[in-house]
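Remember, it's a predicted structure, so these values are computed and weren't measured experimentally.
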Amino acid sequence: ADHWLQPYPNTDAIICYAWINYVIANKLYNENFVKYWSNAVFLLRKDTGKLLRADMLSEEGKEEDFAVWDTVRDGVLTWCSDENHYYTETPETTVDPALSITCKVTLLDGVEVECWTVFDAIEDRMKEYTPRMASEISGVPERKITEAAHLYATNGAACIIWGLGGGDMHGLNASGFAIGKTILRI
């Protein structure tokens with residue numbers, strides 16, 4: 001291996017979070033892929049931390065459908081989860097979901113709530129996990145953490161293996177590490 005990080009036991013998740021922080025801070029992600037092939041554009045209610053669902057917006061809305069902020073309409077648009085498309089006038093209608101936005105949305109009951117995207121919530125949550133912090137906790141030099149994150153994010157198709165070992169086992173950080181690896185795959 002060109003990069004061998006050798007973290008202290010049970011500190012691999014913090015390195016994963018630092019990678020997420022680094023990738024987002026340096027915009028090393030494929031924005032179109034994240035916008036059109038993930039749930040990063042779905043809106044979260046800031047008051048509850050829960051996804052904004054279509055049934056909160058209209059009588060016809062379904063609980064299993066989600067909401068985005070469409071920059072073309074400058075307003076909320078809902079996603080049909082059953083059929084994987086937006087509810088638009090025609091299938092050819094242009095949709096540009098905001099990857100990053102804070103907005104006010106009026107619910108079916110007339111209450112106005114502040115929302116932000118899943119992407120913004122992830123970015124906000126990962127801000128504290130800097131490569132420096134991860135280095136102090138994991139024992140891996142900061143330079144190695146950033147070099148490995150940069151290589152992973154910029155070297156074409158990449159893979160993080162699932163299976164026994166590598167944080168997939170039981171332990172204090174197994175669940176958080178699995179979530180972090182899922183985010184990095186996108």
Side-chain angles (χ1 to χ4, degrees), residues 13 16-130 149-150 152-160 162 175-186:
C16 183
Y17 299 160
W19 279 25
I20 295 168
N21 172 308
Y22 182 86
V23 168
I24 292 173
N26 292 283
K27 298 190 184 309
L28 299 177
Y29 52 88
N30 180 329
E31 184 173 337
N32 280 335
F33 184 85
V34 174
K35 282 173 69 169
Y36 296 105
W37 293 99
S38 78
N39 67 358
V41 295
F42 289 174
L43 294 176
L44 284 173
R45 291 177 55 166
K46 282 198 163 190
D47 62 336
T48 64
K50 296 186 183 220
L51 288 166
L52 184 64
R53 296 176 179 270
D55 65 337
M56 299 174 185
L57 301 170
S58 74
E59 292 286 342
E60 306 81 38
K62 298 177 186 174
E63 181 185 20
E64 65 267 18
D65 293 339
F66 303 98
V68 302
W69 189 269
D70 181 26
T71 62
V72 173
R73 288 163 189 72
D74 196 30
V76 174
L77 185 63
T78 52
W79 171 259
C80 177
S81 294
D82 290 342
E83 299 172 16
N84 292 327
H85 66 82
Y86 289 103
Y87 290 109
T88 57
E89 300 78 29
T90 69
E92 296 80 28
T93 302
T94 301
V95 174
D96 184 25
L99 183 58
S100 179
I101 194 167
T102 299
C103 56
K104 300 238 185 218
V105 176
T106 303
L107 303 178
L108 180 61
D109 62 7
V111 173
E112 188 176 75
V113 295
E114 188 172 45
C115 297
W116 60 347
T117 63
V118 169
F119 184 85
D120 285 334
I122 291 170
E123 179 180 26
D124 184 67
R125 182 68 178 100
M126 293 295 123
K127 278 184 181 172
E128 73 178 280
Y129 299 106
T130 63
H150 191 84
Y152 177 81
T154 62
N155 205 33
C159 179
I160 298 177
W162 286 97
S175 295
F177 188 37
I179 291 167
K181 289 191 304 183
T182 301
I183 292 169
L184 282 171
R185 285 189 179 108
I186 296 173

Atom pairs and distances, side-chain donor-acceptor, residues 100-108, under 3.5 Å, sequence neighbours left out:
| from | atom 1 | to | atom 2 | distance (Å) |
| --- | --- | --- | --- | --- |
| S100 | OG | D120 | OD1 | 2.6 |
| S100 | OG | D120 | OD2 | 3.4 |

Please report, to 0.1 Å, the donor-acceptor pairs under 3.5 Å made by any side chain of residues 50-60, with sequence neighbours excluded.
| from | atom 1 | to | atom 2 | distance (Å) |
| --- | --- | --- | --- | --- |
| R53 | NH1 | E63 | O | 2.7 |
| S58 | OG | G61 | N | 3.1 |

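Counting only residues at least two apart or in different chains, ring pair (Phe, Tyr, Trp, His ring centres under 6.0 Å) contacts with residues 86-110 comprise W79-Y86, H85-Y87. Applying the ring pair (Phe, Tyr, Trp, His ring centres under 6.0 Å) definition to pairs two or more places apart or across chains, those involving residues 95-128 are Y29-F119.
Closest approach of C16 and L184 over heavy atoms only: SG-CD1, 3.5 Å. Across every non-hydrogen atom of K127 and T130, the tightest pair is O-CG2, 3.6 Å. Across L44 and A121, no two heavy atoms sit closer than the pair CD1-CB, 3.5 Å. Of all heavy-atom pairs between A98 and T117, the closest is O-CG2, 3.4 Å.
Rounding to the nearest 0.5 angstrom, the gap separating the OG1 atom in T78 from the CG atom in D65 is 6.0 Å. One finds the CD1 atom of I122 at 4.0 Å from the CD1 atom of I183 (value rounded to the nearest 0.5 Å).
Partners of E83 by salt bridge (charged side-chain N to carboxylate O under 4.0 Å, His left out), not counting sequence neighbours: none found. With sequence neighbours excluded, the residues forming a side chain to side chain contact (heavy atoms under 4.5 Å, CB included) with D82 are K62, E64, C80, listed by chain and number. Remark: D47 engages R45 in a salt bridge (charged side-chain N to carboxylate O under 4.0 Å, His left out) (not counting sequence neighbours). With sequence neighbours left out, the side chain to side chain donor-acceptor pair (under 3.5 Å) criterion links T88 to no other residue. With sequence neighbours left out, the side chain to side chain contact (heavy atoms under 4.5 Å, CB included) criterion links L28 to Y22, V23, N26, H150, A153, T154. Every residue meeting the side chain to side chain donor-acceptor pair (under 3.5 Å) condition with D96, not counting sequence neighbours, appears here in chain and number order: K35, Y36, T71. Checked against salt bridge (charged side-chain N to carboxylate O under 4.0 Å, His left out), D70 has the following partners two or more places apart in sequence or in another chain: R73. Evaluation of the side chain to side chain contact (heavy atoms under 4.5 Å, CB included) rule for R125 yields E128, Y129 as partners, not counting sequence neighbours.
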Inset, instruction - Kindly indicate, with the supporting measurements, whether the criterion side-chain contact (heavy atoms from CB on, under 4.5 Å) is fulfilled by V72 and V95. - result: CA-CA 6 Å; V72 173; V95 174; 6.0 Å; no
Legend entry - side-chain contact (heavy atoms from CB on, under 4.5 Å) assessment of S38 paired with F33: CA-CA 7 Å; S38 78; F33 184 85; 5.7 Å; no
